[in-house]
Amino acid sequence: MNNRLALRADLLDITADPGLSSVDAPSVRFDPDCWLLVEDGRIAGRTRETPGDDWDKRDFSGRLLLPGFIDTHVHCPQLDVIASHGEALLPWLERYVFPAERRFEEAVAAREGADRFLDLLLAHGTTSAVVFPTVHKVSVESLFQAAAGHGMRLITGKVLMDRHVPDYLSDDVVSARADCVELIERWHGRGRAAYALTPRFAPTSTPAQLSMAGELLSRYPGTYMHTHVAENRDEVGWVASLFPEARSYLDVYASHGLLNERSVLAHGIWLDDADRALLADSGAQVAHCPTSNLFLGSGLLDWARLQAAGVGVSLATDVGAGTTLSMVRTLAEAYKVQALQGVKLTAWKALYAATRGAARALQLESEIGSLDMGATADLALWDWAHGPLAQHRDRLARELHERVFAWMTLGDERNLVSAWVAGTERWRRA
């Protein structure tokens with residue numbers, strides 16, 4: 001097998017944080033009609049000269065080649081309830097989500113669900129993800145096994161819930177700790193797998209369970225923490241009643257040792273200045289889920305204040321409160337959420353938050369999220385435009401940002417041509 005791959009396309013990535021609203025960002029790296037060289041699964045360089053016969057050459061001239069997207073918060077089992085009508089967060093969990101998650105207690109359903117989920121991520125141009133499975137150990141095993149088969153970078157871990165959930169989804173501190181330890185020692189750092197301590201959210205874990213998660217986070221270096229925070233006003237009020245000693249919802253996690261530079265907190269809408277300072281000091285990031293926040297009516301993320309406080313923000317689909325696995329659609333919805341607050345998000349910042357910015361927040365910048373020399377060749381190839389309307393608009397674009405913004409606004413998974421993971425093509429449009 002030839003381990004030297006050369007891809008000819010329009011190469012685009014973002015080399016540093018471009019800021020929220022600056023169209024003229026020096027960190028945009030664009031090499032039209034250029035060859036990207038991939039050797040042994042890693043990016044080996046770029047050239048305008050046609051590589052020699054010892055390279056497997058693929059000519060995609062006129063198409064757009066990006067780093068694969070990184071989805072920093074997505075629920076594997078919730079594909080079963082995407083597009084469910086009529087509820088806010090808490091009743092939505094009870095009516096739709098918890099029954100769907102129950103099905104993953106069975107090994108066959110868990111394996112089928114994991115394979116389907118990862119296949120669909122790749123079919124949407126996403127090559128790495130931070131994933132919620134279910135409370136069931138088999139759901140975690142299935143995800144790690146499927147990701148290993150696909151060669152994907154995956155961060156996941158058993159969901160922790162020992163109160164305020166149906167009995168069929170409830171665990172306890174002792175059994176949950178034993179499961180987490182076994183899963184960490186089997187999977188964390190194996191290939192491209194990493195483990196995340198995963199309390200669902202503060203209301204569904206007792207203080208003892210949160211402390212257990214904090215203890216394991218400290219005991220096993222390099223593990224992550226993945227949860228939800230301040231998504232919905234009713235949820236915030238519930239947390240205040242359950243943890244009256246805490247200054248805020250975020251403070252619950254801080255007081256149990258759950259905030260560090262590998263903490264991923266989904267949503268983060270209803271935060272105050274003290275919360276933002278705490279996030280910045282700890283190095284924790286917010287995974288912004290615009291389609292989910294709009295669909296459930298949860299609120300609008302104040303990205304500008306988070307940015308000003310020095311908090312990292314990445315982008316995520318969430319699913320099934322989110323409405324799509326497409327990060328392209330998610331970028332477009334993020335623009336709308338900011339526009340409602342008077343901020344004009346650029347295509348550069350949106351792309352950064354779904355590629356290098358996400359990788360940086362996950363402490364993985366040397367591996368994923370860019371077209372840097374030495375990075376793992378997780379790549380997605382796109383049509384600049386799909387369909388007559390988008391093609392018409394693309395032809396009229398006057399400069400690069402206008403063209404990329406139109407791609408982001410009018411595009412979706414139908415624009416995807418191919419996806420590679422570590423230099424191996426894992427999805428191709430029929």
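Here the structure is a predicted model, which is why all the values come from computation and not from measurement.
Under 3.5 Å, the side chains of Asn415 and Asp383 contain no donor-acceptor pair of N or O atoms. For the 3.5 Å distance criterion, the side chains of Arg360 and Tyr352 qualify, holding a donor opposite an acceptor. Side-chain N/O atoms of Tyr224 and Ser263 include no donor and acceptor closer than 3.5 Å.
Salt bridge annotation for Asp33-Arg48: absent, with no cationic side-chain nitrogen under 4.0 angstrom from a carboxylate oxygen. Between Glu101 and Arg200, at least one side-chain N (NZ, or NE/NH1/NH2) sits under 4.0 Å from a carboxylate O, which counts as a salt bridge. A salt bridge links Arg103 to Asp80: at least one charged side-chain nitrogen sits closer than 4.0 Å to a carboxylate oxygen. Salt bridge present: Arg29 and Asp372 bring a charged side-chain N and a carboxylate O closer than 4.0 Å. The pair Glu367-Arg42 does not meet the salt-bridge criterion, since no charged nitrogen lies less than 4.0 angstrom from a carboxylate oxygen. In summary, Arg116 and Asp119 do not engage in a salt bridge, as defined by a charged side-chain N under 4.0 Å from a carboxylate O. Salt-bridge formation is not detected for the pair Lys57/Asp59: no Lys NZ or Arg NE/NH1/NH2 atom is positioned less than 4.0 Å from an Asp or Glu carboxylate oxygen.
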(request) Would you sort out whether Asn260 and Met225 count as a side chain to side chain contact (heavy atoms under 4.5 Å, CB included), showing the intermediate values? (result) CA-CA 8 Å; Asn260 66 20; Met225 196 283 290; 5.5 Å; no
(request) Check the pair Leu118, Asp115 against side chain to side chain contact (heavy atoms under 4.5 Å, CB included), reporting the backbone distance first and the verdict last. (result) CA-CA 5 Å; Leu118 295 182; Asp115 285 334; 5.9 Å; no
(request) Might you work through the ring pair (Phe, Tyr, Trp, His ring centres under 6.0 Å) test for His288 and His73, ending with a clear yes or no? (result) CA-CA 8 Å; His288 175 31; His73 174 71; over 10 Å; no
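Taking the ring centre of Phe60 as origin, the terminal cationic atom of Arg8 falls outside the region bounded by 6.0 Å and 45° from the ring axis. Cation-pi geometry between Arg403 and Trp384 is met: under 6.0 angstrom from the ring centre, within 45 degrees of the axis.
Heavy-atom contacts from other residues, nucleotides or ligands closer than 6.0 Å to CZ of Arg219 number more than 12. Within a 6.0 Å radius of CD in Glu49, other residues, nucleotides and ligands contribute 12 heavy atoms or fewer. Around CZ of Arg233, the count of heavy atoms belonging to other residues, nucleotides or ligands within 6.0 Å does not exceed 12.
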Distance-only criterion, 3.5 Å: show the donor-acceptor pairs between side-chain atoms of residues 296-308 and protein atoms not counting sequence neighbours.
from: Asp302; atom 1: OD1; to: Arg305; atom 2: N; distance (Å): 3.1
from: Gln307; atom 1: OE1; to: Lys349; atom 2: NZ; distance (Å): 2.9

With a cut-off of 3.5 Å and sequence neighbours excluded, list every side-chain donor-acceptor pair involving residues 88-97.
from: Arg95; atom 1: NH1; to: Glu87; atom 2: OE2; distance (Å): 3.0
from: Tyr96; atom 1: OH; to: His85; atom 2: O; distance (Å): 2.8

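The two residues Ser128 and Met152 come nearest to each other via the heavy atoms N-CE, 4.4 Å. For the pair Ala347 and Val404, the tightest heavy-atom approach, listed with the atom from each and the gap, is CB-CG1, 3.9 Å.
One distance of note links CG of Leu379 with OG of Ser418; it measures 10.5 Å at 0.5 Å rounding.
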